[in-house]
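Structure first, then comments.
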Amino acid sequence: MYCNEGGTHESVSVGRKRSHAESLLPIKPMKEHVLPITPPLKKPEEEVEEEVEEEELDDEDEERKLKRQRVRTREYFAELEKKMTICKPAPFDYDEEAIREREACNYSQKITLEMARAGKAPRAVRVYADGIYDLFHQGHARQLMQAKNLFPNVYLIVGVNSDAMTHERKGRTVMTEDERYEAVRHCRYVDEVITACPWTLDDEFLEKHKIDFVAHDDIPYTTGSATDVYAHIKARGMFVSTERTEGVSTSDVVSRIVKDYDVYVRRNLARGYSAKELNVSYINEKKYRLQNKIDDLKKKGKEMFEDIEGKRTDLIMKWEEKSREFIDAFLMLFGRDGRLTQYLTEKKDSVMMALSPPSSPKAGSQSSEDCSSPPAKTSRFDFSGRAGASLVDDDYSDDDDEEPESH
């Protein structure tokens, strides 16, 4: 089949051309076969309603999922901010970060002590603790740690008194106020620091900083009067007690320094501080420096004696080793089973004969009855069978009674 110039379809068999007669015949156009379109089936009304309800439920589920996702995101960033406070110092109350946190707090939602302890507070619980924090030590850090862990979600605000107020109410401090502020804001449990905080807390201060609870040890804190500074806070039910660390306080640290005053002055003089910086007189300075020199000489002498003692110990050990070798050699030579003993045992008879020879017999002491007398001496050579044997005298007797013949 192919399409001619008129747009009609013509059918041509393969391998055969059309004849002239066939080309003159009109060609009928072919009808296009169109498939019938069936109308869509209508669903029952109940099924349509169910689908609508399912779509609504799906929308509600998506909204709930979105809300949950938002809550999780907020919790994540809240935890992240808490972790970030460990990596940087806490802000002051006038810093932008602290102001933003304070403005975001809905203080109209009052939190009771029961709600806070049960962990049902609708927001972070803002806990306040104050003090002088001079010579910041582990007792201070432990008190702030307790305040931070009073409730599940705590935003800890710490107030530090100024120098003027502290010197007026309690006495002179070792550290300046700026040093004390910096020491507190670098504690890991602190979220915010209030500088130059008041000695007594009033309602205006509590509302300004949106404070829910005040943390301090339960001992009544009185300075020059019988009234407890936290009495009205306790009356309002906003006081939460912490435990005091026994045996550790700023006064104890100062007492140790005063007790060993000379030691610390000599220590600082040895480290390069001048007498003027230490407020020491000229005579005391010379005395302390002389004591330092004496201590140095004592130290060097002690080290020298320890060195000599070590060398002496080495000498003693070497002498003991040599003495053991000498004793072993002596015993090997002169001991019971030594070489000299063996030699003397082997040569005992000859040595005894050499030391004590037998005595010679006396003349005329022999008798016929003595059988143990030695035989008469004879010549070593027998000449009796030879010529001239008569010329040889065979008698070698030592008898004194016989006199020699006179010729």
Side-chain angles (χ1 to χ4, degrees), residues 86-87 89 131-146 160 163 166-167 170-190 217 219 242-335:
I86 300 175
C87 303
I132 300 170
Y133 300 107
D134 190 20
L135 297 175
F136 193 86
H137 50 74
Q138 72 269 26
H140 297 143
R142 189 169 180 271
Q143 184 246 347
L144 297 178
M145 180 187 70
Q146 294 179 57
V160 184
D163 284 347
T166 305
H167 297 168
K170 198 167 183 179
R172 187 173 181 82
T173 59
V174 178
M175 300 170 66
T176 63
E177 58 184 17
D178 294 330
E179 293 171 344
R180 292 185 285 114
Y181 298 156
E182 290 296 325
V184 172
R185 73 188 294 244
H186 282 83
C187 179
R188 61 180 296 183
Y189 310 112
V190 180
D217 58 84
I219 302 173
T242 57
E243 293 182 2
R244 189 180 182 86
T245 304
E246 297 295 335
V248 181
S249 65
T250 304
S251 300
D252 294 336
V253 176
V254 173
S255 298
R256 296 177 199 172
I257 298 172
V258 173
K259 181 181 177 181
D260 299 326
Y261 170 78
D262 293 348
V263 176
Y264 291 112
V265 171
R266 290 166 53 189
R267 167 181 174 269
N268 286 356
L269 285 173
R271 293 190 175 185
Y273 286 88
S274 64
K276 185 177 181 181
E277 291 174 336
L278 298 174
N279 196 20
V280 177
S281 65
Y282 176 80
I283 296 174
N284 288 333
E285 179 192 3
K286 297 303 179 184
K287 181 183 72 174
Y288 293 141
R289 292 191 183 280
L290 180 61
Q291 290 176 350
N292 286 339
K293 290 182 179 180
I294 292 171
D295 289 344
D296 291 339
L297 289 174
K298 287 181 180 179
K299 185 178 179 181
K300 291 179 180 178
K302 186 178 179 181
E303 291 176 354
M304 184 179 66
F305 279 117
E306 289 177 354
D307 190 16
I308 294 172
E309 185 71 21
K311 291 181 179 179
R312 189 185 72 173
T313 304
D314 294 339
L315 289 173
I316 291 172
M317 292 177 65
K318 290 179 180 179
W319 182 84
E320 287 180 352
E321 292 176 359
K322 295 294 183 182
S323 63
R324 290 193 191 98
E325 294 177 0
F326 176 76
I327 292 169
D328 292 340
F330 182 84
L331 292 175
M332 187 179 295
L333 183 61
F334 298 102

(message) My understanding is that only residues two or more places apart in sequence, or in another chain, count here; which of them pass salt bridge (charged side-chain N to carboxylate O under 4.0 Å, His left out) with Asp252?
(response)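 Salt bridge (charged side-chain N to carboxylate O under 4.0 Å, His left out) list for Asp252, sorted by chain: empty.
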(request) Sequence neighbours left out, what passes salt bridge (charged side-chain N to carboxylate O under 4.0 Å, His left out) with Arg267? Give chain and number order. (result)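 Counting only residues at least two positions away or on another chain, Arg267 forms no salt bridge (charged side-chain N to carboxylate O under 4.0 Å, His left out).
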Does the side chain of [Y] come within less than 4.5 Å of [X]'s, by heavy atoms?
X: Glu177; Y: Val160; answer: no
X: Glu243; Y: Arg142; answer: yes
X: His140; Y: Val248; answer: no
X: Leu135; Y: Val254; answer: yes
X: Gln143; Y: Thr245; answer: no
X: Leu144; Y: Phe136; answer: yes
X: Glu303; Y: Asp307; answer: no

Return yes when atom [atom1] of [X] has more than 12 non-hydrogen atoms of other residues, nucleotides or ligands closer than 6.0 Å, and no otherwise.
X: Ile283; atom1: CD1; value: no
X: Arg244; atom1: CZ; value: no
X: Asn279; atom1: CG; value: no
X: Lys293; atom1: NZ; value: no

[atom1] of [X] to [atom2] of [Y]: how many Å apart, nearest 0.5 Å?
X: Leu269; Y: Lys286; atom1: CG; atom2: NZ; answer: 10.0 Å
X: Leu278; Y: Tyr288; atom1: CG; atom2: OH; answer: 10.0 Å
X: Lys299; Y: Asn292; atom1: NZ; atom2: CG; answer: 11.5 Å
X: Tyr181; Y: Thr176; atom1: OH; atom2: OG1; answer: 9.0 Å

(request) Mind listing the closest non-hydrogen atom pair of Tyr273 and Arg289 along with its distance? (result)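 Minimum heavy-atom separation between Tyr273 and Arg289: O-NH2, 4.0 Å.
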(request) Of all the heavy-atom pairs spanning Gly247 and Arg256, show the shortest one and how long it is. (result)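 That closest heavy-atom pairing would be O-NH2, 4.3 Å.
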(request) Give a yes or no on whether the backbone of Ser274 and the side-chain of Glu277 come within a donor-acceptor separation of less than 3.5 Å. (result)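 The answer is yes, because a donor-acceptor pair under 3.5 Å joins these two groups.
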(message) What verdict does the side chain to side chain contact (heavy atoms under 4.5 Å, CB included) test give for Val190 and Val184, after you've listed the backbone C-alpha separation in whole Å, the side-chain angles of each residue and the deciding distance to 0.1 Å?
(response) CA-CA 7 Å; Val190 180; Val184 172; 4.3 Å; yes
(message) One thing to verify: whether Arg180 and Asp163 come together as a salt bridge, which I'm taking to mean a side-chain N less than 4.0 angstrom from a carboxylate O.
(response)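 Looking at Arg180 together with Asp163, the answer is yes, because their closest N to O distance falls below 4.0 Å.
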